[in-house]
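Single-structure report; data block below.
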There are 2 protein chains.
Amino acid sequence: MRPRAYGQYCGFARALEVVGERWAMMIVRDLLVSPKRFSDLQQGLPRIPSNVLTSRLKQLEGAGVVQRRAVSRAQGGGVVYELTPYGAELDDAVIAIGRWGAKRLGDPRPDEIITPDSICMALHSTFRPESAGRTHARYEVHVGPVTVYAIVRDGAVNVGKGPLENPDLVIEAGPAFRALMAREITPEQALKTHVIGIQGDPKYLTKFVQLFRI
Amino acid sequence: MRPRAYGQYCGFARALEVVGERWAMMIVRDLLVSPKRFSDLQQGLPRIPSNVLTSRLKQLEGAGVVQRRAVSRAQGGGVVYELTPYGAELDDAVIAIGRWGAKRLGDPRPDEIITPDSICMALHSTFRPESAGRTHARYEVHVGPVTVYAIVRDGAVNVGKGPLENPDLVIEAGPAFRALMAREITPEQALKTHVIGIQGDPKYLTKFVQLFRI
DNA sequence: CTGGATCCCTCACGATACTG
DNA sequence: CAGTATCGTGAGGGATCCAG
């Protein structure tokens, strides 16, 4: 049941043996955002067969990357899967991969979906700490049916799913969101052509494209 | 002939579609060190079937990650494969993955080999710029039959295969090399028990374990 | 309802042999 | 040297079914 080995005594090869199989890193990506139930993972990764999800979770658990935790009956029972501290250390790698992939992310293909977790990952990986300085900003972002938030503070970003209380800026976006973050269009153009809608001070949108940039 | 899609409009998922298939990242890892011929890649990745190598190179070429370059007849003819500038930007991701994998890299399994490229990658990914300061040091490292060098200068490292002229320190190591870099043994212990041999000033070995650390 | 297990089919991977 | 050809196996994909 163990994944195939690469036969090299090398940290990189070992890492790929653990998280290099199909779907494994996608599961880690989603779990980096928050712990999840089996069915949450299925929902976030709609194309993964259930047997493959089962198999990957077992392998990741065996490798010490993921752990199961029982949920109290009061909260619905069952189990959630979460990253171990060791698994959570994959964040740098996941962010680096996501940043590279975002560079040539064109427009969505017809059958592609957008999940809250992927948006969270995208905000995380495109965040530029060097542009943050002492900025404190609270963003709520709507992309299609997805709502996520990003709180920038002390040179770091905290992202999560759902709405936010007292946001400095609410951004309503569609496909133009990527173009905005890639600087293919300016905030002014985006607002004038109404491909992006906001509630709040437009200055925060200007700051946004400095903070998050593909 | 295209790899399977993940069906998500997400930079991370796109990246995995390009370099997420088995062997693809390993090829990138080796090409990050230097351009290579088909047979060089086979030698560095002994377990890859030739048809899979052919297939991966074509996919990576199609994705703009790898390019073929003809070699002049005077240099042996044929073609070499090298990363495009876009492909070379994978270095951050590869280093992040390698660093994570090195954390729990135990002792070598019986059938595992060590290649020059994997050592180069390891030195790259374990390098700590914050420990370099104004250090200028030239290391030649022998691990088993493999010889590589690392030149630290201006807070950066340059690694490559082969011996070095006028090295400050020559390190002769076996399996203890990993233990040394992981700080499981001290340089003094390593020298006293002769699991590591050096030619040069031992101070450079002390500096080495600060510069390169798992 | 969650959290899987089972079946079947296909195709990518792997091993080996062979060629321009 | 730089691949192609062929073929067997097993992992991935998709649907369905089942236990708590």
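Sequence lines set the chain letters: A, B, ... in the order given, protein chains first and strands last, and positions in each chain run from 1.
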Margin query: In whole Å, I'd like the distance from the CZ atom of Arg73(B) to the P atom of dC1(D).
Written below: 14 Å
Notebook entry, point to check: Given atom CD of Gln59(B) and atom P of dA12(C), what is their separation to the nearest angstrom?
Noted result: 9 Å
Check: Cation over ring, Arg14(A) on Tyr9(A), under 6.0 Å and within 45°?
Finding: no
Check: Does any donor-acceptor pair link the side chain of Ser50(B) with the base of dT4(D) at a separation under 3.5 Å?
Finding: yes
Notebook entry, point to check: What is the distance, rounded to the nearest whole Å, between atom OH of Tyr6(B) and atom P of dG12(D)?
Noted result: 10 Å
Margin query: For Tyr86(B) and Trp100(A), take the angle between the two ring planes, folded into 0 to 90°, and tell me which bin it lands in: parallel under 30, tilted 30 to 60, perpendicular over 60.
Written below: parallel
Next item on the list: Take atom CZ of Arg68(B) and atom P of dC1(D), then tell me their distance rounded to the nearest Å.
Entry: 16 Å
Next item on the list: Residues of residues 11-23 of chain B with any non-hydrogen atom less than 4.0 angstrom from an atom of DNA chain C: list those, numerically ordered, please.
Entry: Glu21(B), Arg22(B), Trp23(B)
Item checked: Between P of dG3(C) and CG of Leu57(A), the distance in whole Å -> 11 Å
Item checked: From CA spacing to verdict: side-chain contact (heavy atoms from CB on, under 4.5 Å), Arg128(A), Leu211(A) -> CA-CA 5 Å; Arg128(A) 307 281 179 120; Leu211(A) 291 168; over 6 Å; no
Margin query: Output the rounded distance in Å from NZ (Lys58(A)) to P (dA11(D)).
Written below: 15 Å
Note to self: When you measure from the side chain of Tyr139(B) to the backbone of Tyr204(B), do you find a donor-acceptor pair of N or O atoms at a distance under 3.5 Å?
What the structure shows: yes
Note to self: Applying the salt bridge (Lys or Arg N to Asp or Glu O under 4.0 Å) criterion to Glu17(A), which one of Arg104(B), Arg109(B), Arg22(B) satisfies it?
What the structure shows: Arg109(B)
Margin query: Suppose we call a contact any N or O donor and acceptor under 3.5 Å apart; does that hold for the side chain of Asn51(A) and the base of dG14(D)?
Written below: yes
Item checked: Polar side-chain atom of Asp168(A) near backbone of Arg138(A) as donor-acceptor pair, under 3.5 Å -> yes
Note to self: Is the positively charged end of Arg68(A) above the ring of Phe38(A), judged by distance under 6.0 angstrom from the centroid and angle within 45° of the axis?
What the structure shows: no
Check: In whole Å, what is the span from the CG atom of Leu53(B) to the P atom of dA2(D)?
Finding: 11 Å
Next item on the list: For the pair Asp91(A) and Arg29(A), evaluate salt bridge (Lys or Arg N to Asp or Glu O under 4.0 Å) and give the outcome as yes or no after the intermediate values.
Entry: CA-CA 8 Å; Asp91(A) 56 352; Arg29(A) 181 200 69 174; over 6 Å; no
Next item on the list: Would you kindly give the CZ-to-P distance between Arg4(A) and dC13(C), to the nearest whole Å?
Entry: 9 Å
Next item on the list: Using heavy atoms and a sub-4.0 Å distance, could you list which residues of residues 27-48 of chain B are near DNA chain C? By number, please.
Entry: Arg47(B)
Checklist line | Arg178(A) (side chain) donor-acceptor with Leu105(A) (main chain) under 3.5 angstrom | finding: yes
